J.: 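Below: one structure in structure tokens.
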Amino acid sequence: MFSFFGRPEIQFCRTFALLFKNTPAAPSGHPILISELFPMKRIKIAEILRTEPVQTRVQVKGWVKAFRNNQFIALNDGSCAANLQIVVDFENTDPALLDRIKFGAAIGASGQLIESQGKGQRVELKAEEVVVYGDCNPEQYPLQPKRHSLEYLREHAHLRFRTNTFAAVFRVRHALAFAIHQFFNDRGFCYLHTPVITASDAEGAGEMFRVTTLPLERVPRTETGEIDFSLDFFERPTNLTVSGQLEAELAALALGEVYTFGPTFRAENSNTTRHLAEFWMIEPEVAFADLTDNMDLAEAMLRYVAAYALEHCTDDLKILEDRLIEEEKSKPQDQRSGLTLTEKLRFVVDNRFERLTYTEAIDILKNSNPNKKGKFQYPIEGWGADLQSEHERYLVEKHFKKPVILTNYPAAIKAFYMRLDEPRDGVPGPTVSAMDILFPGIGEIVGGSQREERLEVLRQKMRDMHIPEDELSWYLDTRRFGSCPHAGFGLGFERLVQFVTGMGNIRDVIAFPRYPGSAEF
RNA sequence: GCCUCAUUAGCUCAGUUGGUUAGAGCGGCGGACUGUUAAUCCGUAGGUCCAAGGUUCAAGUCCUUGAUGAGGCGCCA
């Protein structure tokens with residue numbers, strides 16, 4: 001045992017002679033150079049476990065998950081859920097170095113990859129060299145090698161990536177984002193970046209965050225006492241976007257199929273497990289498409305990404321599934337889901353969503369047991385009322401027991417840009433070609449519609465809903481010049497990640513959640 | 001924004017109708033063991049009981065206010 005290159009953190013557990021003996025001779029008979037032996041390229045653990053190159057020398061770098069028996073390091077480098085076992089020859093290693101191998105420390109190890117002599121893993125790394133890059137003092141480190149509550153980890157969100165659960169969540173989140181891009185790319189969609197800062201406050205989708213460089217302590221006023229936005233950066237009031245839809249429509253009416261995938265901001269005081277002030281939304285927009293095309297697209301996309309996750313995130317989903325099984329054990333019998341996470345995803349991939357109109361849904365709800373027995377907090381009075389989440393949950397979780405697409409809502413409870421339907425028999429009032437996709441446990445995951453492409457119908461609806469026409473004249477130009485039927489929807493990305501990972505709180509599927517009273521990290 | 005519940009050791013939690021010196025598991029530290037798998041075994045330290053005020057002979061326990069967190073509802077994706 002001696003130090004090398006004067007670096008005390010590098011300890012060689014074997015001699016040069018041993019190294020040479022274990023290294024195959026160069027094919028040409030040339031002398032083997034030291035530089036061929038030592039400078040090794042780091043290999044990711046995911047690749048090692050995939051290819052299992054036993055009897056080769058490898059170098060790995062990662063973080064210590066466990067150090068058992070003063071001998072076995074469980075090393076994780078984030079490339080996959082699994083750890084690589086590093087076996088240290090503790091009898092021939094500096095005790096001072098062994099003492100630095102703590103839970104959470106960043107280390108590198110190199111040596112021979114061999115078939116494991118113990119149970120529990122197929123291969124392991126017989127360490128010839130261990131380097132500590134970053135120590136981790138266990139008395140101060142907030143994480144411990146044990147289960148922490150999600151609430152605790154949320155308060156230490158800067159460190160929670162290091163837990164098995166959150167590493168899995170964020171690898172799955174990445175896979176889903178990639179799958180969405182792949183889905184749309186395969187179908188000829190163009191990825192459109194819409195502005196984050198917008199001057200339009202007429203999109204009808206929630207409260208907005210003001211963007212300004214005006215001094216808040218001394219806001220300039222006009223002669224009439226109003227805020228003088230002509231002195232602001234954009235010389236007009238501006239906000240963070242609540243939707244890229246209107247801009248996406250402009251592009252769709254030239255490029256045919258487009259989608260956005262970007263951050264979205266809602267300044268609503270929403271304190272729930274399904275809302276964030278800053279979230280990511282996917283908004284496809286398709287020219288020459290009607291409501292049925294829209295539903296087909298949304299359903300195909302959701303089934304595609306669920307299948308993608310099942311195929312590409314097997315190990316991570318297993319971790320998340322086991323977590324859920326543990327969590328369910330502490331729940332009362334009647335609140336358990338009955339399906340495992342992968343069974344749930346498989347169900348979505350294999351089964352068509354239930355499609356029905358708002359009017360049909362009202363009939364089902366009106367005649368439902370909970371409504372007759374007065375169990376609903378908001379009893380179904382009749383046609384025209386907005387559905388509450390208890391009603392949506394009844395339809396999805398009790399009545400159909402599968403994802404549901406509700407269509408053709410009353411015009412009065414939906415946005416101005418949704419296409420007015422032809423009157424239908426048995427439908428009491430005017431409806432629009434809207435659709436909401438409802439998922440178990442999450443509620444509305446997709447909201448969309450066929451857009452109103454008829455200029456005069458649209459202008460009339462804007463007047464009815466007090467949307468100022470002059471602010472949206474650019475939007476109306478699409479209807480003035482070469483208008484066509486088109487449709488699109490918005491998918492809440494974090495709600496999708498929630499569904500696929502089984503995480504109950506939306507704040508646990510985004511790296512650093514923003515919600516009322518909280519913008520930490 | 002509204003309603004309900006919670007806050008006790010580093011973490012997860014127990015703590016009886018208010019009553020002596022507030023406990024456990026895990027984690028930490030020290031030691032033993034050395035093919036382990038949340039390793040095991042022995043020992044040990046660790047507390048402003050969320051904060052402020054109040055009731056009482058006596059408050060972790062009861063009351064008031066506040067802070068933070070969780071769940072539900074509304075708004076929505």
Side-chain angles (χ1 to χ4, degrees), chain A residues 65-74 82-91 98-99 102-104 114 116-121 124 126 136-156 163-164 203-207 242-245 260 263-283 298 326 330-331 335 376-378 386-393 413-415 436-439 442-448 489-499 504-508 510 515-518 520:
Chain A
K65 286 291 186 175
F67 188 30
R68 286 183 288 269
N69 230 348
N70 212 20
Q71 189 175 187
F72 303 102
I73 303 170
N83 303 325
L84 181 66
Q85 174 152 290
I86 315 289
V87 186
V88 180
D89 181 7
F90 66 98
E91 283 170 322
L98 291 176
D99 201 43
K102 299 286 189 190
F103 176 74
I114 59 171
S116 179
Q117 295 171 39
K119 290 170 185 165
Q121 59 280 316
E124 64 192 15
K126 203 160 174 53
C136 192
N137 183 342
E139 287 191 76
Q140 292 167 6
Y141 190 42
L143 301 183
Q144 292 171 8
K146 57 166 281 185
R147 276 205 183 78
H148 290 89
S149 68
L150 295 176
E151 294 79 24
Y152 177 79
L153 293 171
R154 217 170 283 151
E155 288 170 13
H156 298 79
T163 65
N164 293 338
E203 295 181 22
E207 298 294 313
V242 291
S243 164
Q245 179 202 314
T260 73
T264 310
F265 307 87
R266 304 268 166 98
E268 274 141 12
N269 194 1
S270 298
N271 247 301
T272 79
T273 55
R274 315 182 296 287
H275 290 87
L276 291 167
E278 178 183 282
F279 63 102
W280 289 67
M281 190 155 65
I282 295 107
E283 295 179 288
E326 279 300 310
S330 61
K331 282 186 184 170
Q335 282 177 33
F376 284 141
Q377 193 189 336
Y378 298 88
D386 214 348
L387 297 182
Q388 306 295 324
S389 61
E390 59 178 344
H391 307 137
E392 295 178 348
R393 274 214 312 278
I413 59 172
K414 287 291 181 182
D436 283 359
I437 302 186
L438 310 176
F439 264 34
I442 290 165
E444 186 180 346
I445 195 167
V446 161
F489 61 84
L491 167 79
F493 183 56
E494 281 76 16
R495 289 190 184 174
L496 174 67
V497 182
Q498 268 190 285
F499 178 75
N505 193 319
I506 200 165
R507 296 168 187 178
D508 294 333
I510 189 166
Y515 49 94
S518 183
E520 218 183 336

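Residue numbers start from 1 in every chain, and the chains themselves are labelled A, B, ... in the order their sequence lines are given, proteins ahead of strands. Every value quoted in this text rests on a predicted model; they were computed, and no experiment measured them.
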J.: State whether the distance check finds a donor on one side and an acceptor on the other, under 3.5 Å, for side chain A:His275 versus base B:C76.
T.: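 Per atom types, the contact qualifies.
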J.: Between B:U12 and A:Gln144, counting only base atoms on the nucleotide and side-chain atoms on the residue, is there a donor-acceptor pair under 3.5 Å?
T.: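 No.
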J.: Between A:His391 and A:Tyr378, does the ring centre distance come in under 6.0 Å?
T.: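 No, the ring of A:His391 stays outside the 6.0 Å limit from the ring of A:Tyr378, centre to centre.
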J.: Parallel, tilted or perpendicular for A:Tyr152 and A:His156, by the 30°/60° rule?
T.: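 Aromatic pair A:Tyr152/A:His156 classed tilted.
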J.: Given side chains that start at C-beta, do those of A:Arg495 and A:Ile506 come closer than 4.5 Å, heavy atoms only?
T.: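 Side chain of A:Arg495 against side chain of A:Ile506, heavy atoms only: contact under 4.5 Å found.
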J.: With hydrogens left out and only the distance checked, is there a donor-acceptor pair under 3.5 Å joining A:Arg266's side chain and the base of B:A77?
T.: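 Yes, the side chain and the base share a sub-3.5 Å donor-acceptor pair.
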J.: Determine if A:Phe279 stacks with B:A77; use a centre-to-centre distance below 5.5 Å and an interplanar angle below 30° as the criteria.
T.: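 Ring-base stacking flag set for A:Phe279 and B:A77.
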J.: Out of B:C75, B:G10, B:G27, which has the shortest distance to the side chain of A:Gln388?
T.: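 For the A:Gln388 side chain, the nearest candidate turns out to be B:C75.
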J.: Can you find a donor-acceptor pair, distance only, under 3.5 Å between A:Arg495 side chain and B:C76 base?
T.: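 Such a pair exists between side chain and base.
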J.: Is any side-chain N or O of A:Arg154 closer than 4.0 Å to OP1 or OP2 of B:A70?
T.: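 Checking B:A70 against A:Arg154, a side-chain N or O does come within under 4.0 Å of OP1 or OP2.
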J.: What is the nucleic acid contact for A:Gln117, judged by heavy atoms within less than 4.0 Å: base, sugar-phosphate only, or nothing?
T.: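 Base: the residue A:Gln117, judged by heavy atoms under 4.0 Å, touches a nucleobase.
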J.: With side-chain contact (heavy atoms from CB on, under 4.5 Å) as the test, would you mind laying out the steps for A:Gln121 and A:Asn83 before giving the verdict?
T.: CA-CA 9 Å; A:Gln121 59 280 316; A:Asn83 303 325; over 6 Å; no
J.: If you take atom types as modelled and just measure distance, does the side chain of A:Glu91 reach the base of B:U34 with a donor-acceptor pair under 3.5 Å?
T.: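 Checked by distance alone, the answer is no.
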J.: Is the base of B:G35 touched by the side chain of A:Glu124 through a donor-acceptor pair closer than 3.5 angstrom?
T.: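 By the distance-only test, yes, there is a pair.
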J.: Under the 3.5 Å rule, do the base of B:C75 and the side chain of A:Ser270 count as making a donor-acceptor pair?
T.: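 Flag set: donor-acceptor pair detected.
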